[in-house]
Each structure stands twice: as structure tokens, then as C-alpha cells.
Amino acid sequence: MCPQAAAGWRRTASWTPGAHNVCRLLSRRAHGFYARDAGVAHRKNLGLLRKLICQESTKFKNVWTTHSASPIAYERGRIYLDNYQCCISSIAQEPRILYQKPKCSKSEKIEDALLLECPLGEMLPSPSDYKSSLIVLTVQNWLLRLSADSGEILEKIYLAGSCCKFRYLSWDTPQEVMVVKSAQNKLPAAARQAGIQQSVLFYLAVFQVLPLSFIGMLEINKKIFGNSVTDVAVSNGILIVMYSMGLVRLYNFQAISKQFMEQPFDLGHEFNWNGQVGVVGKYPFGLPCNIKITDTPPLLFEASSLENAFQIGGHPWHYIITPNKKKHKGVFHICSLKDNALAKNGIQDMKCCSLEPDWIYFHPDMSGRIIHVGPNLIKVLKLKEVKNNTDQMEIAEDFMIVANRENSVNDAVTVTASGRVVKKRFNLLDDDPEQETFKIVDYEDELDLLSTVAVTQIGADGRAHLDFHCNEHGILLKSIPLLESWDVTYSHEVYFDKDLILHIEQKPNRRFSCYVYQMVCDTAKDDESSSYEKTERVFCKKGGRIFEYI
């Protein structure tokens, strides 16, 4: 802005009552500080909810339970049963069936699903686009967009014929760009014996959402990427290719799309492709493979890691790998992405002796911190500049969460009541079920709480509790016992979603159970009957399904 214009603006502001306040208000609103803005009100409400959840008088009550012979899935207040044919609201105190479809055939089986939320601040072509929907992938290569509340089919896209089987859905950019990946192409044994070569390993179809639009389809070919490719993914605009020897290579997916795109196509439009005439996304033609990689694209980065374990995050960018040797399992190296330099204190090793390995990942709160979880210890680490050396980063401990093992059963020497000294011939593992052990660590972004599930199992009876910790300092704010027995040999998932807790358990012979807890502010009457076995159970049948009220 020239000096004259600036002076003119100041004169105008001085003569217009409150003009400078308006400018200041617009600036604050642009940064999300407008007092009456919906986002501010939402943040205040979440702050109040967090205080309410963490206060001592607030309890979580197991309100109902259901069982299923097929896997149970949960997404944003909705529980899906019978391969997504039945949807139950978990928000109400009683199970409310949102929709229940007739039993589908094997050809209509759903392989994978993603919940799609409406983007903010965008004009969408259809009123249905403003409501939550479920993107599902069927066994016959159909991509369907369903209403999350009614199950109604809003859109149908046919992906491809029998040349490949699409099986997996994932986000490249959450709620913006979606990737549909095929299973690895493998020739039948007879074809391999006949000497027929299979060069295409995977197909990837990429879509923009919402509105749902086709970006392109590409193939991962042995001739371009090599014979030892085992898996592939697209995340945050990066094509990730994994190899059998532990090698991980990164390529710029956007640059690949731009360089090797033969022709763009729009869903629902007619096309003439390689002698075929049809409609994009309609049966029997499906989608054209319009991104043909004819030469090895420029390599962004490569690293060798045990079991292809590779993560990127932090500020500035760092990556985490395990040296590619079995003896280094459980050892993690944190290195700079810029120059591969190992950070100071960048080798993290808990030296735990356990059946289940410890795990490490970048904190999902985008703080750049790192969470390292072992059987009895959770470390939250941070990256910071080395003193007197701004070019190097070091790993420092932010805080620790330690399992409650006051009555340790791992003493090498014990003394009996008669005074006899007994020496143990072996030491217990760090994740021995008789000791409290961390099984799940998660982050609730809207309430900014770090949640942990710790389990202790003595004999056939296992007990678990869900703890809420301050995400900034690790202070324990709330502990919630899970009333049902927890068997550590089964598979478990625990979801904490604002005022709701769900525990999904998979037992042998494909028996699944879902336990729903809801927040209640109640008197000590509920505290007196916290035993799952002593609480009266009531059974109710809704929509042909048995629900158990606690």
C-alpha cells in the first residue's frame, strides 16, 4: 500500500465512528476469535463437557449390551452389525435401530467402509450431500455411498470387471481424497506353471469427496517398481511402496498423476477408451486406468526398516524406523527427514521382556510429540533443539504414565509366613497377565484427553479400566472401571467418543460382543452396585435382535 493510500485510510477511520473496531473485529474473526462464532461456542461447550466428565461425581454406566455372529463396527455414534446391514444409534440410553436391511447375498458383501462427513464452507450439488454418509466397497467391485441414517443408496459406482478385486478403502487426505486399493493380483497356479507372467500387482483408484468425483486409476507394475513389491498406499499426497526386504520408497503422487495422466474422465460421462465405449463408473465398463506410469518416477525418499515399519511426523519433519534386523525388534530410531541424521537420544529402547512388543507413533494431536507404549510404561516424548546447536534436534521426555504395580509379583525372592525363603527359578514377563498392563492408548481430539486401557487378569477373571489423562501434562483425571470380564487372549477395541464408551470384544468361533457405556451424573446408589455379576439383567428383543440391559 502506498503512503498516500495509507494516510487516506487513517483519515477515513478517524472520521467513521467505530471503523477501527470493525477492522479489528474482522481480523479477530478471520483467526477464529469472534465471540459469537459457532466454533467458539462449540469449543466452550466441549470445555464444559470435559470438566463434567472428569469431575468425581460423574460415572459411566453400562446401559446395554448386544452380541453378534459377525464383526461389529463403530463410527461416530453409530454401531454397525451384520456386515453394515443393521445400524444402531449408540447415543440414546436404549438401543435405537436407525435402519435394518434384508440379509444380503455373498455377492453384495461389504469389504470395507469409510464414514464421510459434509465439508464446511462449500456449496454441494445435492441436499443429501450435507448429511453424513457411508462409503462402502462390495465384493463385486461396487462403490456405494449410503445415507448414514437410513442406509439409502445415494450413489453407485462400478469400479472394474474381473481383472482385479478391490478390497480396501483409506484416506489420502481425510474427508477430502479417498483411495480404493485392490488385493494383490496373483495368477492361478495353473497359469504360473504354464509360464504366464503377471506384471500388475495392485490397482489404485483415487476419488475426490464431496461431491464424489473420479481423479484417476493407476497400476503398480513390476516392470516399473520391481519384483519384490509387497504392498502400496497413498497418504497425504505421497505414494508409499513397500518391498519384501523391508525397503520403503516414497514418491510424489500428485506429480505422478500430472506427469502420467493420459486423459481425465468424469463420472457419468460417456467415454471411448482403448476401443471400448461406455459410461464412466457404470456397469460393465467401470473406470478406465488412465494413469499409465511408463517410467520410474523421481524418488523422494527411501528407508530400510524391519517389517516395513515407517512413520513420518514431528516439527521439523522426522521419521521413525526399526533397523532391518530381527535382533533390533523393539528398538526405534528417530531421524531427521532432511538429512537422515539420528536425533540426539534418538534411539528409543524400553528393554522390556514381553510377548507383545512395545509400539511407537507420532502423537495424533499434531503437536509433533511421540508416544512410546510398553507393557507398564507410556512415554510421551518431544523434539527440541539441542542447546547451542540449532541444526540438531534431540528427543526429550515430556511426561510418563506408569502402570499401577505397587504389589509387584515379580520379586526374585519371597518369604513365606513361616519365614522360609523361596527363590523363583524364572522371572515373569513384563506383560504377564497378573500384572497391570497397558493394552490400548488413544487420543480424544475434541476433549483433548489421552485415554489408556490397563488390564489385570488373575485366573479366568480379567479386569480392565479406562483412564483419562491430561494430554498436556499426563496427569490422571479420571478412572472408569469396565464391568465386563476382560480376557487378554481375545481381541478388543475400546472407543471413547465424548460422553460415550464402547467396548467391542471378539471371542473364539467369531462371537462378537458390544458393551455400551454412557455418562451419568448420579448418586452413590449406583456406586454400591458396580459389580457386573450382581447387577440385574433385562433382555429385550428389537428388530429381531436380542439386547441386554444392565
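All figures in this text were calculated on a predicted structure; none of them were measured in a lab.
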Exercise. Between His372 and Trp359, is a ring pair (Phe, Tyr, Trp, His ring centres under 6.0 Å) present by the stated rule, with each step listed?
Worked result: CA-CA 6 Å; His372 189 181; Trp359 70 94; 9.1 Å; no
Criterion ring pair (Phe, Tyr, Trp, His ring centres under 6.0 Å) on Tyr80 and Tyr74, from CA distance to verdict: CA-CA 6 Å; Tyr80 295 96; Tyr74 172 76; 8.7 Å; no
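Summarising the local packing, NZ of Lys109 is surrounded by 12 or fewer heavy atoms from other residues, nucleotides or ligands at distances under 6.0 Å. Within 6.0 Å of the CD atom in Glu270, the count of heavy atoms belonging to other residues, nucleotides or ligands does not exceed 12. Counting non-hydrogen atoms of neighbouring residues, nucleotides and ligands closer than 6.0 angstrom, the CZ atom of Arg96 reaches no more than 12 such neighbours. The number of heavy-atom neighbours closer than 6.0 Å to CD of Glu262, taken from other residues, nucleotides and ligands shown, is above 12. Atom NZ of Lys165 has more than 12 neighbouring heavy atoms from other residues, nucleotides or ligands inside a 6.0 Å radius.
Sorted by first then second residue, the ring pair (Phe, Tyr, Trp, His ring centres under 6.0 Å) pairs that include residues 211-239, not counting sequence neighbours, are Phe207-Phe214, Phe225-Tyr251.
At least one donor-acceptor pair closer than 3.5 Å links the side chain of Gln175 to the backbone N or O of Glu117. In this structure, the side chain of His363 engages the main chain of Asp365 through a donor-acceptor pair within 3.5 Å. Side-chain N or O atoms of Asn308 include one that pairs as donor or acceptor with a backbone N or O of Leu247 at under 3.5 Å. For the pair Gln311 (side chain) and Ile360 (backbone), a donor-acceptor distance under 3.5 Å is present. In this structure, the side chain of Ser305 engages the main chain of Ala309 through a donor-acceptor pair within 3.5 Å. Side chain of Glu307 to backbone of Thr322: no donor-acceptor contact under 3.5 angstrom is found. Side-chain atoms of Asp172 come within 3.5 Å of backbone N or O of Gly237 as a donor-acceptor pair. Asn290 places a side-chain N or O within donor-acceptor distance of the main-chain N or O of Gln263, the cut-off being under 3.5 Å. The backbone N or O of Val373 sits nowhere less than 3.5 Å from a side-chain atom of Lys379 that would complete a donor-acceptor pair. Put simply, the side chain of Asn141 gets close to the backbone of Cys164: a donor and an acceptor are under 3.5 Å apart.
With rounding to the nearest 0.5 Å, the separation of OG1 in Thr452 from CD1 in Ile378 is 5.0 Å. How far SG of Cys335 is from CD1 of Ile321: 5.5 Å, rounded to the nearest 0.5 Å. Rounding to the nearest 0.5 Å gives a distance of 13.0 Å between CE of Met242 and CZ of Arg249. Here the straight-line distance linking atom OG1 of Thr66 with atom CD1 of Ile88 works out to 5.5 Å at 0.5 Å rounding. Of the inter-residue distances, the one linking Ile79 atom CD1 with Cys514 atom SG reads 4.0 Å to the nearest 0.5 angstrom. To the nearest 0.5 angstrom, Ser89 atom OG is 5.0 Å from Leu98 atom CG.
Here the side chains of Ile72 and Leu502 are not in contact, with every heavy-atom distance at 4.5 Å or above. In this structure, Leu500 and Tyr495 have side chains that are not in contact, with every pair of non-hydrogen atoms separated by 4.5 Å or more. At a threshold of 4.5 Å between non-hydrogen side-chain atoms, the residues Leu306 and Lys329 count as touching. In this structure, Ile240 and Val234 have side chains that are not in contact, with every pair of non-hydrogen atoms separated by 4.5 Å or more. With contacts defined as side-chain heavy-atom distances shorter than 4.5 Å, the pair Leu204/Leu239 qualifies. Looking at Gln348 and Ile334, their side chains come closer than 4.5 Å, going by heavy atoms from C-beta outward.
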Report, one line per pair, each donor and acceptor closer than 3.5 Å where one atom sits in a side chain of residues 147-155; sequence neighbours left out.
| unit_1 | atom_1 | unit_2 | atom_2 | d |
| --- | --- | --- | --- | --- |
| Ser147 | OG | Asp149 | N | 3.4 |
| Ser147 | OG | Ser150 | N | 3.3 |
| Ser147 | OG | Ser150 | OG | 3.1 |
| Asp149 | OD1 | Arg78 | NE | 3.3 |
| Asp149 | OD1 | Arg78 | NH2 | 3.1 |
| Ser150 | OG | Glu152 | N | 3.3 |
| Glu155 | OE2 | Arg145 | NE | 2.8 |
| Glu155 | OE2 | Arg145 | NH2 | 3.2 |

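Of all heavy-atom pairs spanning Leu212 and Met178, the tightest one is CD1-CE, 4.2 Å.
By the side chain to side chain contact (heavy atoms under 4.5 Å, CB included) test, Met366 pairs with no residue at all, sequence neighbours left out. In this view, Lys101 and Gln85, Tyr99, Leu146 satisfy the side chain to side chain contact (heavy atoms under 4.5 Å, CB included) rule, not counting sequence neighbours. For Tyr283, the side chain to side chain contact (heavy atoms under 4.5 Å, CB included) partners two or more places apart in sequence, or in a different chain, are Trp142, Tyr158. The side chain to side chain contact (heavy atoms under 4.5 Å, CB included) search around Phe285 returns Phe271, Gln276, not counting sequence neighbours.
In this structure, a donor-acceptor pair under 3.5 Å is absent between the side chains of Glu108 and Thr138.
We find that Arg167 and Glu111 are joined by a salt bridge, their nearest charged nitrogen and carboxylate oxygen being less than 4.0 Å apart. Remark: Lys103 does not engage Asp82 in a salt bridge, criterion side-chain N to carboxylate O under 4.0 Å.
For the pair Lys181 and Phe202, the distance from NZ or CZ to the six-membered ring centre is under 6.0 Å and the angle to the ring normal is within 45 degrees.
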